[in-house]
Amino acid sequence: MQREPQTILFLSDRLLPEIQDVISAFNGHVSFKALENQDELLDYITRRQPAIVLVDSQYVDWTRDIIQKFAADNSVNQWPLLLLTDHEVNGQYGDVFDIIDVPINKSRFTRSLQHASQHVLMLNEINKLQKKLTLQTQELHELNNIGIALSAERDPDSLLELILHKSREITHADAGSLYLVEKRSGVAYDQQNYFADKQLRFKLAHCDSVDVGFTEFVMPIQSHSIAGHVALSGQVLNIPDVYELTENSGFSHNRSFDESIGYRSKSMLVIPMKTHKDEIIGVLQLINRKRHWDAIIDTIESNEREVIAFDEKCTDLASSLASQAAVSIENNRLYEDIRTLFEGFIKASVHAIEQRDPTTSGHSERVAVLTTELAKTVDKLDSGPFERINFSRDAIQQINYASLLHDFGKIGVREDVLVKAKKLYPYELERIRHRFHIFLQANELDFAKQKITQLLNIERDKALSIIAALDMDMQKDKDELDRFLEHIVDANEPTILDQAGSAVIEKLGTIYRKVNGSTEPILTPDEIRRLAIPKGSLSDKERNEIESHVTHTFNFLSRIPWTSELKDVPNIAYAHHEKLDGTGYPRRLDAPNIPIQSRMMTIADIYDALTAQDRPYKRAVPEQKALDILGYEMKAGKIDADLFNLFVDAKIYEAVRRKVE
């Protein structure tokens, strides 16, 4: 145990010469301090440096009180207390280290001081170990906290910022940079050479003392650069001064970067970032360890004064953090790969829907753009009706997924209903046309028979006169059929059918034509019902089938094992056709039961349906007209007024156009 300077605190009004005489002959570095009152003792104790306390019996009580006062938060109560006394002592001083009888026996007093000195040395050693243990505990706690933070961070750029910042912080590095190993496009993977298809991306740079003016770039992984050497070797480099590297080292520091920013790199700690597979995915480079964390190194003098080499503890801490960082980066990449895979599935699903109904191509993506843009705008507001509503990155992603998949249930709707553009299905209109063609042929055949009869039974001139009249009747009948068919074709359009048009269709159902000796109606009852649809192209039954797509969507999305961050995707999509006044579908929810995310999607869905250019059953509505229609819906209490006003005021409706541009 190494002997260190010690202090003897003396509290007595007598025996000072005798005490000093013994102490002067005492081996070791000892400082002797005679105290005059308890304030001086209290002042020394607050410094918490272990000492031998030599106290006369008349001061022992208040000395013990002072020591006891500090016993709870330090080792003062373990300081050796030597009691000077000239009378017999009973058991009331059991807590003193030793009792020195007066008059003093020099030999006895010397031995007592030696024992007390050893005790103080032990206390000093315990204090050092305790401080070291406390520091290690704090460092481990900090590493644990950093690990938790790294594991929780899902944003790739924020994760890299956190890694570099925390690495610099725990090592007191003034500057640092981070390189990522990435695949080179167009280069095949070589199982025998991990780095054959890899390159280094200079991804991030920090510096407390100067403005780095950082710009990303890529570089080949070569051993002559420090980062390349560490990536290839997988070994830590701890360089006291990078300007003193020799040619034998095999690598060098690029001074031109320092010169471009007016900086002097000196001590450097470079650590490979390895995955659990022992693959290098990055390099962490820490530069210029500082004596004082808040120091600025912007001159040669400050560099010489502040910059020191990275020690073993820095290496251990940074290596541990680099390992955690590598795992976090790998997990983040895996998370991104899974997310990309899932988004690919979503896009494929949307494509499958649009293949069944090409007329709505691009609708889901446009609705997603509009809805997420509206959600981001709501999130930024710090006043008004939405000041307490915030959407995290995951919440925005949840809205995006729900919007992309809001119509997926259409896959459960019959295709002929899904793509029905007119009131009659194409084959039904074709059947009517064919029926009219048969009517026309039957008429022509009937008139032909009449003509032949006239030619056979009466003289030629008179027959020709009758035949001319028959031709006029036949043309009149043909024109009538053409008018009937024209009425049917007009009524088949998905526009609003007025009362007059409806009456014509009803009348056609009462007209019959002879075909092959029997009579057939011009229109069947089912055809009349379809053509009499007052608005749009769908019958009530077909409309219910179309509306069922929302329930199909919910049932499909509910089968997906969403993560906790995305668990509301099914419910958000489920309510996108609900109206605040309870007139929506399929559940006729009222305002309090419709999620705000669904309210946003409702506005986006209606707007895009109105302005879409590719619907064969209707013309695209101009932008302002679409907003006017939405305004009518708002005034009728069907859509959210605050969200609609924000949609208009923030020009959210332009988001799709801005994205294209």
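FYI, the numbering just counts along the sequence from 1.
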**Study point:** Short side-chain to backbone donor-acceptor contact, N645 and A641, under 3.5 Å
**Key:** yes
Check your understanding: Around D540, counting heavy atoms of other residues, nucleotides and ligands shown, do more than 12 lie under 6.0 Å from its CG?
Key -> no
Exercise for review: Sort and list the pairs that fulfil salt bridge (Lys or Arg N to Asp or Glu O under 4.0 Å) and have at least one residue in residues 593-603, not counting sequence neighbours.
Suggested key: R599-D640
Practice item. Please report the closest heavy-atom contact between V181 and I221, naming both atoms and the distance. Key: CG1-CD1, 4.3 Å
Check your understanding: Angle class for the H549/H577 ring planes (parallel below 30°, perpendicular above 60°, tilted otherwise)?
Key -> perpendicular
Practice item. Measure from the side-chain N and O atoms of K423 to the backbone N and O of I533, and report whether any donor-acceptor pair falls under 3.5 Å. Key: yes
Review point. Yes or no on salt bridge (charged side-chain N to carboxylate O under 4.0 Å, His left out) for D197 and R184, after CA distance, side-chain angles and deciding distance?
Key: CA-CA 5 Å; D197 63 336; R184 295 161 57 197; over 6 Å; no
Point to revise | Check: E428 side chain, Y425 main-chain N or O, donor-acceptor pair, under 3.5 Å | key: yes
Check your understanding: Is there a donor-acceptor pair closer than 3.5 Å between any side-chain N or O of D590 and the backbone N or O of G582?
Key -> no
Review point. Between F342 and F345, how do the two ring planes meet: parallel, tilted or perpendicular, split at 30° and 60°?
Key: tilted
Check your understanding: Can you tell me if S598 uses its side chain to pair, donor with acceptor, with the backbone of I594 under 3.5 Å?
Key -> no
Check your understanding: Which residue pairs pass the side chain to side chain donor-acceptor pair (under 3.5 Å) test when at least one of the two sits in residues 339-354, sequence neighbours left out?
Key -> E336-R339, R339-E343, E343-Q397, E343-Y401
Practice item. Please confirm whether the backbone N or O of D568 pairs with a side-chain atom of Q398, one donor and one acceptor, at under 3.5 Å? Key: yes
Check your understanding: Can a salt bridge be assigned to the pair K274 and E279 using a cut-off of 4.0 Å between side-chain N and carboxylate O?
Key -> no
